Trainee: 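A single structure is presented below for examination.
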Amino acid sequence: YKCYYINEEKNGEYNSYYTNININRKGYYIDSFQNGEHIYYGENGDIREKYYLIDNTEQGQHIKYNGNGDLVKKYYYINNKKVETYQYKW
């Protein structure tokens with residue numbers, strides 16, 4: 001896990017890693033609140049999920065992919081509440 005601190009608050013990009021040293025997730029903090037785009041990766045480095053947070057609250061679209069990079073689901077959030085879901089079939 002790698003994160004930057006300013007005045008004992010998490011600030012900037014953070015990354016966590018699998019034991020094989022590939023990145024597991026990436027996101028951003030502002031004053032210890034998660035903000036901006038957050039991405040989860042599969043063990044092989046493929047993107048599995050993307051979503052957005054504002055002050056630790058999920059906002060906007062949350063996208064899930066399968067191991068082949070195909071879009072599987074898309075959710076829409078307002079103030080941490082899921083308001084729509086789209087399911088894709090491959």
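What you are looking at is a predicted structure, and each value in this text was computed from that prediction instead of being measured.
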Trainee: Nearest 0.5 Å please: distance from the NZ atom of K73 over to the CD atom of E49.
Mentor: 10.5 Å

Trainee: Within the 3.5 Å criterion, strictly below it, is a donor on S16 or N24 matched to an acceptor on the partner's side chain?
Mentor: yes

Trainee: May I ask you to decide if E9's main-chain N or O and Y29's side chain share a donor-acceptor pair within less than 3.5 Å?
Mentor: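 No; judged by distance alone, with no hydrogens or angles, the pair does not exist.
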
Trainee: Where the side chain of N20 meets the backbone of N22, is there a donor-acceptor pair that is under 3.5 Å apart?
Mentor: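 Side chain of N20 to backbone of N22, a donor-acceptor pair under 3.5 Å: yes, one is there.
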
Trainee: Please tell me whether I23 and Y28 are part of a single hydrophobic cluster in this structure, the criterion being side-chain heavy atoms less than 4.5 Å apart.
Mentor: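 Looking at the clustering, Y28 is in a separate group from I23.
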
Trainee: Within a reach of under 6.0 Å around OH of Y4, are more than 12 heavy atoms found that belong to other residues, nucleotides or ligands?
Mentor: no

Trainee: Looking at side-chain heavy atoms only, is the closest gap between Y77 and E84 below 4.5 Å?
Mentor: no

Trainee: Nearest 0.5 Å, please: how far is OG in S32 from CG in N56?
Mentor: 9.0 Å

Trainee: Looking at N15 and K26, would you say the former's side chain and the latter's main chain have a donor-acceptor pair under 3.5 Å?
Mentor: no

Trainee: Test of understanding: clusters of I, L, V, M, F, W, Y form through side-chain heavy atoms closer than 4.5 Å, transitively. Do I54 and V83 belong to the same one?
Mentor: no

Trainee: Does the N66 side chain pair with the main chain of N68, one donor and one acceptor, at a distance under 3.5 Å?
Mentor: yes

Trainee: Could you walk me through whether Y65 and L71 satisfy the side-chain contact (heavy atoms from CB on, under 4.5 Å) test, starting with their C-alpha distance in whole Å, then the side-chain angles of each, then the deciding distance to 0.1 Å, before giving a yes or no?
Mentor: CA-CA 5 Å; Y65 301 92; L71 180 62; 4.3 Å; yes

Trainee: Look up atom NE2 in H38 and atom CG in L53, then write down how far apart they are to the nearest 0.5 Å.
Mentor: 4.5 Å

Trainee: When you measure from the side chain of T57 to the backbone of N80, do you find a donor-acceptor pair of N or O atoms at a distance under 3.5 Å?
Mentor: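 Between the backbone of N80 and the side chain of T57 there is no qualifying donor-acceptor contact (under 3.5 Å).
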
Trainee: Have R48 and Y40 got a donor and an acceptor in their side chains that come within less than 3.5 Å?
Mentor: no

Trainee: Given Y52, which partner from the list Q34, H62, E37 fulfils the side chain to side chain donor-acceptor pair (under 3.5 Å) test?
Mentor: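 Per the side chain to side chain donor-acceptor pair (under 3.5 Å) rule, the option paired with Y52 is E37, out of Q34, H62, E37.
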
Trainee: Is a donor on one side and an acceptor on the other found under 3.5 Å between the side chain of N35 and the backbone of F33?
Mentor: yes

Trainee: About how many Å separate NZ of K64 and NZ of K50, when rounded to the nearest 0.5 Å?
Mentor: 15.5 Å

Trainee: Can you tell if the side chain of Y1 reaches within under 4.5 Å of the side chain of Y17, non-hydrogen atoms only?
Mentor: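 Contact flag for Y1/Y17 side chains = no.
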
Trainee: Taking atom types as modelled, find out whether E43 and Y18 have a side-chain donor-acceptor pair closer than 3.5 angstrom.
Mentor: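 Short answer, no.
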
Trainee: Assess whether side-chain contact (heavy atoms from CB on, under 4.5 Å) is satisfied between E58 and Y51, documenting all intermediate values.
Mentor: CA-CA 7 Å; E58 193 158 3; Y51 59 95; 3.3 Å; yes

Trainee: Linking I/L/V/M/F/W/Y whenever any side-chain heavy atoms sit under 4.5 Å apart, do Y86 and I63 land together?
Mentor: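 Same cluster: Y86 reaches I63 through Ile, Leu, Val, Met, Phe, Trp or Tyr contacts under 4.5 Å.
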
